[in-house]
There are 2 protein chains.
Amino acid sequence: MDQELTILKDYLKQKGLRLTPQRESILKAFIENEGHLEIEELFDRAKAIDSSIGIATVYRTINLLTECGLARENSLPNGKKFYERLFRQGHHDHLVCNNCGKIVEFEHPLIEQFQKDVALKHDFILQNHQMALYGICSDCKS
Amino acid sequence: MDQELTILKDYLKQKGLRLTPQRESILKAFIENEGHLEIEELFDRAKAIDSSIGIATVYRTINLLTECGLARENSLPNGKKFYERLFRQGHHDHLVCNNCGKIVEFEHPLIEQFQKDVALKHDFILQNHQMALYGICSDCKS
DNA sequence: ATTATTATTGATATTCATTATCAATAAAGG
DNA sequence: CCTTTATTGATAATGAATATCAATAATAAT
């Protein structure tokens, strides 16, 4: 996580902010989990590293990670929020099981291409996107 | 909105629930606005029809409309929820301006096709999906 | 029609996630 | 080492959504 730490450091420096043990621990907990972390999960993982960390600091830090481009905030249509790693992680979208909640990542270059076309046609400068497919996964079909 | 009213009626009947003036007013307010309504907006529009309607009834009713397939709950990645009309409204996805918040609808049959492919490949039964493209709209470019 | 049953309503209390506040603490620079 | 100021954890405050509840209204039975 050296590269990520450097990115965070640089961002903090540029903003006149400080790198603290808590921020480092939360970054570590975040990077070690490639998946789709809700705040409470991240809080638990961070506490495993430093039990004194408070939930408020987790909220504050995940916002910093989002601002400096290491994390991305996302939410399901029902509004449930989660965070995912962005840096050194290919862009991906999500398949979500409506029954068990399982999330599978996928990517599809052609869809990405068409998205660019759509944005162009509507005269938008495309910055990012979000796509989720909902259905029943193979495990839940039976 | 006769068709929509019939759908709601049938749904309520099947569940042993009742069609009330409030529910009818909220449906009317919802149908008259094709766009992307947040709860507070829907509340305001419904109050314009019947000023005695309470916010709790709006929440209860939009949930009913969602259950019977007339509305769809959706949310931006930041978790902000809104509702859109589903029945007799072609499926569409969203272009969202990161600057002014403007939402433009679009549809792209090929993207839909590829989504089906992805679901098939991962052995999912596809039920619905959600896609939003974020960027800067033409108005905000200048 | 009248009445009995029960869903519905609006107001408000409650819950839950997130943010703001604040005194104590700890970085960073001089 | 000292001063300045960002940071922290605990907790209060906020805001969105849901639950509660007594009063009301819709439906069915009489």
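Below, read A as the first sequence line, B as the second, and so on, with proteins coming before strands; counting in each chain starts at 1.
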Donor-acceptor pair under 3.5 Å, Arg60(B) side chain vs dT18(D) base: no
Expected output: side-chain Asn33(A) to main-chain Ala29(A) donor-acceptor under 3.5 Å: yes
Distance, rounded to the nearest Å, where Lys80(B) contributes NZ and dG15(D) contributes P: 12 Å
Separation of atom NZ in Lys13(A) from atom P in dA28(C), rounded to whole Å: 10 Å
Euclidean distance, atom CG of residue Leu12(B) to atom P of dA7(C) [Å, nearest integer]: 13 Å
Rounded interatomic separation in angstrom, taking CD from Glu73(B) and C1' from dA16(D): 12 Å
Sugar-phosphate, base or nothing in reach of Asp50(B), heavy atoms under 4.0 Å: nothing
From Leu27(A), Ile49(A), Thr57(A), residue fulfilling side-chain contact (heavy atoms from CB on, under 4.5 Å) relative to Gln22(A): Thr57(A)
Among dT7(D), dA19(D), dG9(D), the one nearest Ala56(B) by side-chain distance: dA19(D)
Sugar-phosphate, base or nothing in reach of Ile53(A), heavy atoms under 4.0 Å: sugar-phosphate
Touch class at under 4.0 angstrom, heavy-atom based, for Gly79(A) against every strand present: nothing
Tyr83(B) OH - dA17(D) P separation (whole Å): 6 Å
OP1 or OP2 of dA7(C) under 4.0 Å from side-chain N/O of Arg23(B): no
Any Gln22(B) side-chain N or O less than 4.0 Å from OP1/OP2 of dG10(C): yes
Leu19(A) CG - dA26(C) C1' separation (whole Å): 13 Å
N/O (side chain, Thr20(A)) to phosphate O (OP1/OP2, dA26(C)) under 4.0 Å: no
Phe106(A) and His122(B) aromatic ring geometry - parallel, tilted or perpendicular at 30°/60° bounds: tilted
Closest heavy-atom pair and its distance - His91(B), Asp93(B): NE2-OD1, 3.5 Å
Nearest-nucleotide 5' precedence on DNA chain D, Ile39(B) against Leu17(B): Ile39(B)
Residue among Phe82(B), Phe30(B), Tyr83(B) satisfying ring pair (Phe, Tyr, Trp, His ring centres under 6.0 Å) with His36(B): Phe82(B)
Nucleotide nearest Tyr59(B) (side chain, heavy atoms from C-beta), chosen from dT8(D), dA16(D), dT8(C): dA16(D)
dA17(D) OP1/OP2 closer than 4.0 Å to side-chain N/O of Asn63(B): no
Between dA10(D) (C1') and Phe43(A) (CZ): distance, integer Å: 11 Å
Spacing of Glu40(A) atom CD relative to dA17(C) atom C1', expressed in whole Å: 9 Å
First of Ile55(B) and Pro21(B) reached from the 5' end of DNA chain C, by closest nucleotide: Pro21(B)
